[in-house]
Chemist: 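Quick one: the structure is below, questions incoming.
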Amino acid sequence: MFLPFRLSVLLFLLLFSGAAGAQVHDPVQLALMDLLENRSLPSNGEADLRVGEYTVDQWLVELYAQRDMHPLWVDENGPGSRAFTIASTIIASFDEGLDPDDYHAETISRLWNSDDSSELALLDVLLTNGLSSYAADMALGRTEPCMLDPQLFATARQSGKNNPLERVLEAYRADDLDRYLDSLKPSHSAYGLLRDALSAYRTIAGQGGWPAIPGGPSIRRGMKDPRLPGIRRRLAITGDFSGTDLYSPIYDAELAVAVMHFQKRHNLEIDGIIGRNTLAAMNVPVEERISQILINMERWRWQPHRLDDRRVYVNIAGFYLHAMNREEIELAMPVIVGEVYHKTPVFSDRIRYIEFNPYWNIPDSIARNEILPELIKNPAYLQENNIRIFEGWAENAPELDGSFINWEEIGRHINRYRFRQDPGPDNSLGRVKFVFPNRYSVFLHDTPRRELFKHDNRAFSHGCIRVSEPLAFAGYLLAQDDSSWDMERINKILDEEKRTIVVLKNPIPIHILYRTVIVDPETSTISFFTDVYGRDELLRQALYPEGSTEICQYPPLAPR
């Protein structure tokens, strides 16, 4: 717990006012005392001190008070090896998609070779403050996700984990400071692969980016078009086209392979036709792709930095599910997520049980907005869709005969009834449901609407996630949990057409994510997805309120 701010400063004065036995000879320590003590306090005693153009937080003053005003990283001979480690990490934060200026990189670089005691004292304070800010941003993320949209983002920060004083002391006490600072980074390969992608696209930007391709009619294989040389060069820059002929105006087979590769990694229809959507993706500037990578690196900093070996990812923006074991993809399949007006939320949980031949207890909103209009048009709608109606939501609520209800007059009072679709081929949840109880009432399930998986943009649901291969997914989860499970056993349960729940002995972690850039761990292919919910823009505004994502890069420092 911090001391009251005025009391902290008064203690400094009492401790170092020249009393016997408290004489100080270290010029940097004296300068540090002068730097922090001889500043007039604002009228509000709890406010922070100002040191030149910098604000010194109360926790930082308290930290130096606990250490009898001794510098942490610098002495009269200049910054030591641990100061070099911190400064180098701050400058290298550029490679991590962070802004070194947020950690005083410019001033640290300017003061690095100074021999002036006052400047060395300031250097020590800035290294301490920069270290704390960097550690917080790297370990927890620069933004608090739930502040962006509390309805759609679960918090990533844990209470009690963001104490700056404890964070600096932890670094100070570390036997290997390099290793400690490296441990703050997300350990999963997805983050490291994005870091490599950031470097690659920054290199492309430094070389001038790629040419813009003029609009025009679609180009099909075998056609001749003056835009094709530019398209060849554009695709060569991002590694999609590996041919040697960059100037041919003929759309040949070699170029078609490159176009389809580009379409695949931009989640476009893989037809080889260079149409409006493909051209639009080609013409997204490299700076915008860099911004996209930066935003997705931030999202990985929100996640726990060390994840369970076996886990399930659902990428909302990519419309895909991956079952992982360590860094190996063991199962992958397309999914359908919530439409724009029924967005699937971002959160983590554990899959706890699987329900075969599930009931569908229809939510009030769907009953009111979708089923009621159908009932008014067609009184036989419930029977035709295998839906039963009960008087209330209690387990023992009596079943009602819908033919005796005046649906045209029921209006908002429809929520007094419970609509339940029984198991069967037309059940909206299909034959399997994967449950991880959560406050969003979101789960994974099968669907009878198989045709929807053919679309590139698969935002069609009311928020839950439909999986394209539910039996394969069920078999995977159950086999990991109990080796006695096989497809024969699963099919036997399904054939009985009775609701059956199987509780997993070892619930499997599931992470519902929103990633508009991913890198394949096996091929290093970088894929970009459409920001279907507009969340990239929301995060971009929070991270870069001034609009620009350009970050200054500083040259490395030399040890002193």
Side-chain angles (χ1 to χ4, degrees), residues 151 334-345 353-435 437-455 457-468 470-471 474 491 493-501:
Q151 300 302 315
V335 299
I336 291 168
V337 301
E339 59 186 344
V340 172
Y341 294 105
H342 299 282
K343 298 180 179 71
T344 299
Y353 64 90
I354 300 172
E355 185 174 342
F356 294 100
N357 300 313
Y359 294 130
W360 182 36
N361 288 303
I362 300 171
D364 286 342
S365 60
I366 297 177
R368 183 173 56 253
N369 299 323
E370 299 180 27
I371 290 180
L372 181 57
E374 293 294 335
L375 276 169
I376 293 172
K377 290 187 295 184
N378 176 16
Y381 178 83
L382 296 180
Q383 292 82 359
E384 292 173 0
N385 289 276
N386 203 24
I387 296 173
R388 298 159 69 186
I389 182 171
F390 298 85
E391 189 176 12
W393 288 82
E395 190 67 29
N396 60 350
E399 184 174 358
L400 303 175
D401 185 345
S403 63
F404 290 100
I405 299 175
N406 188 334
W407 297 112
E408 292 191 20
E409 295 182 1
I410 199 76
R412 75 176 78 183
H413 299 296
I414 196 172
N415 62 5
R416 71 177 63 167
Y417 302 113
R418 172 164 57 100
F419 293 83
R420 189 183 78 188
Q421 190 175 37
D422 284 345
D426 297 323
N427 185 291
S428 292
L429 304 186
R431 295 182 292 171
V432 191
K433 175 181 174 182
F434 307 88
V435 183
N438 58 83
R439 65 188 177 98
Y440 304 103
S441 299
V442 165
F443 49 85
L444 275 62
H445 64 90
D446 183 14
T447 176
R449 300 284 308 278
R450 313 302 303 171
E451 74 280 2
L452 295 179
F453 289 104
K454 297 177 182 178
H455 294 262
N457 184 322
R458 294 187 291 276
F460 297 118
S461 82
H462 289 86
C464 288
I465 299 159
R466 307 174 194 174
V467 295
S468 58
L471 298 188
N491 285 324
I493 292 174
L494 292 172
D495 290 343
E496 292 174 355
E497 295 189 354
K498 290 174 57 179
R499 180 173 180 251
T500 303
I501 294 176

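Hydrogens, waters and symmetry mates are skipped; everything else that's a heavy atom, side chains included, is used. Numbers here are sequence positions counted from 1.
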Chemist: Strictly distance-based, threshold 3.5 Å: is any side-chain N or O of Lys343 a donor or acceptor partner for the main-chain N or O of Val340?
Modeler: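 Yes.
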
Chemist: Quick one: does Arg388's side chain get under 4.5 Å of Asp422's, heavy atoms only?
Modeler: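 With C-beta onward as the side chain, the pair touches.
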
Chemist: Go through the steps to decide whether Val335 and Leu444 satisfy the test side-chain contact (heavy atoms from CB on, under 4.5 Å), and finish with yes or no.
Modeler: CA-CA 9 Å; Val335 299; Leu444 275 62; over 6 Å; no

Chemist: Are any of the side-chain heavy atoms of Trp393 and Asp364 separated by less than 4.5 Å?
Modeler: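 In contact.
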
Chemist: Could you go through Ile354 and Thr500, starting from their C-alpha distance and side-chain angles, then the distance that decides it, and tell me whether this counts as side-chain contact (heavy atoms from CB on, under 4.5 Å)?
Modeler: CA-CA 8 Å; Ile354 300 172; Thr500 303; over 6 Å; no

Chemist: Are the side chains of Thr344 and Ile465 in touch, meaning some heavy atoms are under 4.5 Å apart?
Modeler: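 In contact.
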
Chemist: What closest approach, in Å, do Glu391 and Ala397 show between heavy atoms, and which atom pair accounts for it?
Modeler: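 That closest heavy-atom pairing would be O-CB, 3.3 Å.
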
Chemist: Assess, by modelled atom type and distance only, whether the side chains of Glu384 and Asn378 contain a donor and an acceptor separated by less than 3.5 Å.
Modeler: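 Their side chains do contain a donor-acceptor pair, which is all the 3.5 Å distance test asks for.
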
Chemist: Is there a side-chain contact between His462 and Pro363 (heavy atoms, below 4.5 Å)?
Modeler: no

Chemist: Is there a side-chain contact between Thr447 and Leu452 (heavy atoms, below 4.5 Å)?
Modeler: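 They are not in side-chain contact.
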
Chemist: At what distance, to the nearest 0.5 angstrom, does OG of Ser428 lie from CG of Asn386?
Modeler: 10.5 Å

Chemist: Rounded to the nearest 0.5 Å, what separation is found between the CD1 atom of Ile410 and the CG atom of Leu375?
Modeler: 10.5 Å

Chemist: Looking at Pro358, is its backbone amide N or carbonyl O close enough to the side chain of Asn427 to form a donor-acceptor pair, meaning the two atoms are under 3.5 Å apart?
Modeler: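 Here the side-chain-to-backbone pair exists.
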
Chemist: Measure the acute angle between the ring planes of Phe419 and Trp407, then classify it against the limits of 30° and 60° as parallel, tilted or perpendicular.
Modeler: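 It falls in the tilted class, 30° to 60°.
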
Chemist: What I'd like to find out is whether the side chain of Asn438 reaches to under 4.5 Å of the side chain of Phe443, using heavy atoms alone.
Modeler: no

Chemist: Which pair of non-hydrogen atoms, one from Glu355 and one from Arg499, has the smallest distance, and what is that distance?
Modeler: OE2-NE, 2.6 Å

Chemist: Return the CD1 to CZ distance between Ile336 and Phe453, rounded to the nearest 0.5 Å.
Modeler: 4.0 Å

Chemist: Is the ring pair His455/Phe460 parallel, tilted or perpendicular, if the boundaries are 30 and 60 degrees?
Modeler: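 Because their plane-to-plane angle is over 60°, the rings of His455 and Phe460 count as perpendicular.
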
Chemist: Which atom pair, heavy atoms only, marks the closest approach of Cys464 to Ser461?
Modeler: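 Result for this residue pair: O-OG, 2.6 Å.
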
Chemist: Do you know which two heavy atoms are closest between Pro448 and Asp426, and how far apart they sit?
Modeler: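 The pair with the smallest heavy-atom distance is CG-O, 4.2 Å.
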
Chemist: How long is the span from the CD atom in Gln383 to the OH atom in Tyr381, to the nearest 0.5 Å?
Modeler: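 These two atoms lie 12.0 Å from each other.
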
Chemist: Does a side-chain N-to-carboxylate-O contact under 4.0 Å join Asp446 and Arg466?
Modeler: no

Chemist: Rounded to the nearest 0.5 Å, what separation is found between the CG atom of Leu429 and the CD atom of Gln421?
Modeler: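 The CG atom of Leu429 sits 7.5 Å away from the CD atom of Gln421.
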
Chemist: State the CG-CD distance between Leu372 and Glu408, to the nearest 0.5 angstrom.
Modeler: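 Rounded to the nearest 0.5 Å, the CG-CD separation comes out at 9.5 Å.
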
Chemist: Would a distance-only check, ignoring hydrogens and angles, find a side-chain to backbone donor-acceptor pair under 3.5 Å from Arg431 to His445?
Modeler: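 Checking the backbone N and O of His445 against the side chain of Arg431, no donor-acceptor pair under 3.5 Å is found.
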
Chemist: Please give me the minimum heavy-atom distance between Ile414 and Ala367, naming the atom from each residue.
Modeler: CD1-O, 3.6 Å

Chemist: Given side-chain contact (heavy atoms from CB on, under 4.5 Å), test Ile405 with Tyr417 step by step and report yes or no.
Modeler: CA-CA 11 Å; Ile405 299 175; Tyr417 302 113; 4.2 Å; yes

Chemist: Looking at Lys377 and Glu374, is there a salt bridge between them, counting it only when a charged N and a carboxylate O are closer than 4.0 Å?
Modeler: yes

Chemist: May I ask you to test the Ile371-Ile387 pair for a side-chain heavy-atom distance under 4.5 Å?
Modeler: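 A side-chain contact under 4.5 Å exists here.
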
Chemist: Which heavy atom in Val442 sits nearest to a heavy atom in Pro345, and how many Å separate them?
Modeler: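 Smallest heavy-atom distance, with atoms named: CG2-CD, 3.7 Å.
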
Chemist: Distance to the ring centre below 6.0 angstrom and angle to the axis at most 45 degrees; does that hold for Arg420 and Tyr359?
Modeler: yes

Chemist: Any heavy-atom pair between the side chains of Pro334 and Arg458 that's under 4.5 Å?
Modeler: yes

